[in-house]
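Worksheet: one structure, shown below.
Just so we're clear, the structure is a prediction, and the values are computed from it rather than from any experiment.
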Amino acid sequence: MKELMLGNKAVARGLYEAGCKVVSSYPGTPSTEITEEAALYNEIYCEWAPNEKVALEVAHGASLGGVRSACAMKHVGLNVAADPLFTISYQGLNAGLVICVADDPGMHSSQNEQDSRHYARAAKVPMLEPSDSYEALLFTKKAFEISEKFNTPVLLKMCTRISHSQSIVETNPRIEQNQTPYVKDSAKVMMTVNSRNAHVRVEERTRKLRDYGESCDLNRVEMADTSLGIITSSTSYQYAREVFGENVSILKLGMVYPLPEKLIKDFAARVDKIIVLEELDPVIENHCRQLGIQVSGKDIFPICGEFSQNTVRECMKLKAPDTLHIEASIPGRPPVMCAGCPHRGIFYILHKKNCMVYGDIGCYTLGAVAPLNAMDLNVCMGASCSGLHGFNKAMGREGEERSVGVIGDSTFIHSGITGITDIAYNMSNSTVIILDNSITGMTGHQQNPSTGKNIKGEPAGKVDLEALCRALGYKRIRVVDPYELENVENVLTEELSAKEPSIIISRRPCVMIKGTVHNPPLKVNEDKCVGCKSCMKIGCPAISVRDKKARIDATLCIGCKVCTQMCKLGALV
């Protein structure tokens with residue numbers, strides 16, 4: 001059966017058809033839909049794990065239990081999962097294990113632009129890279145075969161364009177796999193001589209995988225005009241075909257680690273000139289140079305950002321067809337928190353008090369933009385807690401009285417617990433604000449261990465944030481409603497002046513949670529409004545000023561009444 005399918009959905013379909021039985025992941029754009037779609041199949045047990053490290057360990061445990069398993073994450077999530085990845089590469093498996101990682105060239109929803117191919121090389125595990133939804137399904141199934149044939153986890157590298165674009169796939173029935181019996185093997189304990197022997201096996205495995213890549217159907221040569229040859233992979237293959245059509249010879253690599261040698265050399269010998277077309281780092285290009293092949297690559301194409309057809313044309317000094325030009329000027333539309341977002345009040349007060357705000361990763365990162373301008377920096381999941389502790393150890397009371405860490409509930413469970421443990425244990429008078437909006441907001445409303453629901457929305461174990469913080473040694477734990485600005489300011493003032501660690505939990509559900517009942521939209525009493533723009537300081541997209549009067553968009557306003565606390569004239573009713 002043929003179907004138009006999203007790349008991530010195609011991966012999930014591949015997991016299903018391959019007989020995968022366990023999927024554990026942490027949501028992260030652009031990988032999230034892989035697990036959400038897999039959860040729709042009753043034959044696959046799926047879960048949201050607290051973080052990517054746990055997810056990979058769960059998937060590996062399932063593999064040791066004898067069933068095919070997988071996990072999915074975005075590129076920065078692979079940083080978190082790297083700890084078990086490197087040792088799992090040595091230890092091996094009992095059934096197939098596929099690790100789906102989605103890169104984000106162009107940083108559409110990420111804090112950095114790393115290239116996950118480096119992890120494949122560093123951990124010495126094979127990596128497959130599909131170039132459309134059809135290959136996403138096919139390569140997922142192939143990854144399990146390679147995993148079991150070579151006793152290795154396999155990385156399946158997606159990217160934003162492949163994950164979130166659609167193409168035609170052909171679906172097939174699920175093939176159930178026999179569960180492999182678990183056999184105790186002391187050689188799997190990774191220490192001393194076992195680890196040394198495992199490293200030798202890994203190097204031999206890499207050699208066999210390289211030989212496999214020389215003739216496998218994952219890599220293919222498409223010969224045409226031999227005046228120019230292009231070596232490429234992933235979306236760059238699609239751009240090459242769209243720009244050059246059938247008038248160029250292409251070596252299309254589906255296995256990007258380990259890279260073949262003879263296949264590349266033979267292709268190079270058949271063409272006059274070679275260009276390597278790849279997004280981000282020159283991984284394939286450097287491999288070609290190590291083989292002694294003269295190629296062009298990053299001397300032509302940029303090392304930063306996402307490619308497009310026009311990027312390739314411009315770098316190759318080719319004229320784009322007129323149909324691809326967009327002459328209309330599109331107005332800028334900066335990201336902004338939703339109308340009624342519970343985080344807005346917190347950031348307004350932090351800005352008002354001129355606090356140094358060590359931020360974190362989530363939709364609340366938008367507290368950094370105008371007019372709130374309330375976030376100083378962010379690094380990675382959980383860094384707000386441990387980073388704040390280090391800042392205050394350096395600054396002393398000068399820092400402690402005006403600095404806070406801000407972290408969301410899902411991010412707190414992911415990586416914040418160890419950070420606040422460090423604060424309590426090593427005693428900096430640091431104040432951490434947990435923004436508890438009862439959901440994982442930025443990636444599309446996934447559940448997490450603090451919501452009391454699992455991936456299917458069913459009742460599940462629920463972390464009690466207040467009890468957890470008390471257990472970690474905090475005596476000062478305050479809960480506030482972020483819509484009540486005066487109380488938020490009073491509580492923040494008290495906690496910053498306290499001479500011991502403290503936690504403030506800002507608790508109100510995300511306004512976009514399905515089924516949330518909102519108040520009627522507010523209105524402007526034009527007789528009272530003088531156009532002072534005080535209501536604009538909160539940065540709500542439902543409020544604007546026209547003809548020197550405030551205006552409220554009734555289609556956006558949820559009646560949170562935060563703006564009424566800004567207006568001293570009572571013009572917002």
Side-chain angles (χ1 to χ4, degrees), residues 333-353 362-374 406 408-410 433-442 444-445 447 450-453 478-492 504-573:
R333 187 181 180 185
V336 64
M337 292 180 191
C338 302
C341 176
H343 304 329
R344 184 172 279 108
I346 290 288
F347 283 115
Y348 172 76
I349 297 300
L350 291 172
H351 175 75
K352 180 180 178 182
K353 292 186 69 66
C363 50
Y364 49 89
T365 307
L366 295 171
V369 302
L372 297 170
N373 300 313
V406 174
D409 54 335
S410 180
I433 302 175
I434 302 174
L435 303 176
D436 182 6
N437 66 349
S438 305
I439 206 73
T440 308
M442 193 172 194
H445 283 195
Q447 304 296 334
S450 72
T451 67
K453 295 180 180 179
R478 309 286 293 275
V479 180
V480 299
D481 182 342
Y483 283 176
E484 299 173 0
L485 299 184
E486 184 177 356
N487 184 51
V488 169
E489 185 170 3
N490 291 338
V491 168
L492 180 61
I504 300 173
I505 300 175
S506 171
R507 179 165 288 145
R508 181 170 278 273
C510 171
V511 298
M512 299 299 289
I513 292 178
K514 187 177 181 180
T516 302
V517 178
H518 300 307
N519 295 323
L522 301 180
K523 297 180 180 179
V524 178
N525 184 332
E526 295 194 10
D527 293 335
K528 292 185 177 181
C529 180
V530 297
C532 68
K533 299 183 182 179
S534 292
C535 56
M536 297 291 289
K537 294 178 182 177
I538 201 72
C540 178
I543 307 173
S544 60
V545 173
R546 294 196 300 274
D547 301 326
K548 298 183 179 180
K549 297 287 183 180
R551 296 284 184 270
I552 292 180
D553 186 338
T555 64
L556 294 178
C557 179
I558 66 160
C560 71
K561 300 183 181 178
V562 171
C563 60
T564 65
Q565 300 167 64
M566 317 290 295
C567 181
K568 306 301 182 185
L569 301 174
L572 304 174
V573 295

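Residue pairs meeting the side chain to side chain donor-acceptor pair (under 3.5 Å) criterion with at least one member in residues 529-544, sequence neighbours excluded: Ser544-Arg546. Listed by first and then second residue, the side chain to side chain donor-acceptor pair (under 3.5 Å) pairs involving residues 558-573 amount to none (not counting sequence neighbours).
Judged as a side-chain hydrogen bond (donor to acceptor under 3.5 Å, both in side chains), and not counting sequence neighbours, the contacts of Asp481 are Arg508. For Thr451, the side-chain hydrogen bond (donor to acceptor under 3.5 Å, both in side chains) partners two or more places apart in sequence, or in a different chain, are Gln447. In this structure Glu526 satisfies the salt bridge (Lys or Arg N to Asp or Glu O under 4.0 Å) test together with Arg551, sequence neighbours excluded. Scanning for side-chain hydrogen bond (donor to acceptor under 3.5 Å, both in side chains) contacts around Asp553 gives Thr555, with sequence neighbours left out.
Annotation: the span from Ile349 atom CD1 to Ser506 atom OG amounts to 11.0 Å, rounded to 0.5 Å. Taking CG from Asp436 and OG from Ser410, the interatomic distance works out to 10.5 Å, rounded to the nearest 0.5 Å. Ile439 contributes atom CD1, which lies 8.0 Å from atom CG of Asp409 (distance to the nearest 0.5 angstrom). The distance from the SG atom of Cys532 to the CG atom of Leu569 is 6.0 Å, given to the nearest 0.5 Å. The distance from the CG atom of Leu372 to the CD1 atom of Ile538 is 6.5 Å, given to the nearest 0.5 Å. For the atom pair Met512 CE and Cys363 SG, the distance stands at 11.0 Å (nearest 0.5 Å).
Annotation for Gly340 and Cys560: closest pair CA-SG, 4.0 Å, computed over non-hydrogen atoms. Across Ser438 and Ile513, no two heavy atoms sit closer than the pair O-CD1, 4.1 Å. For the residue pair Asn373 and His351, the shortest heavy atom distance occurs at O-ND1, 3.7 Å. Shortest non-hydrogen contact noted between Leu556 and Pro541 is CD1-O, 3.6 Å. Nearest heavy-atom pair across Ala542 and Cys557 is CB-N, 3.8 Å. Contact between Val524 and Cys529 at its shortest, heavy atoms only, is CG1-CB, 4.0 Å.
For His343 (side chain) and Gly367 (main-chain N/O), no donor-acceptor pair under 3.5 Å exists by modelled atom type. In this structure, the side chain of Tyr348 does not engage the main chain of Gly539 through any donor-acceptor pair within 3.5 Å.
Considering only heavy atoms from C-beta on, Leu435 comes within 4.5 Å of Val406 through its side chain. In this structure, the side chains of Leu485 and Val562 come closer than 4.5 Å at one or more pairs of heavy atoms. Taking the side chain as every heavy atom from C-beta outward, Pro371 and Met536 never approach each other to under 4.5 Å. Side-chain contact between Thr516 and Ile558: absent, with no pair of heavy atoms (C-beta onward) separated by less than 4.5 Å.
The number of heavy atoms from other shown groups lying within 6.0 Å of NZ (Lys523) does not exceed 12.
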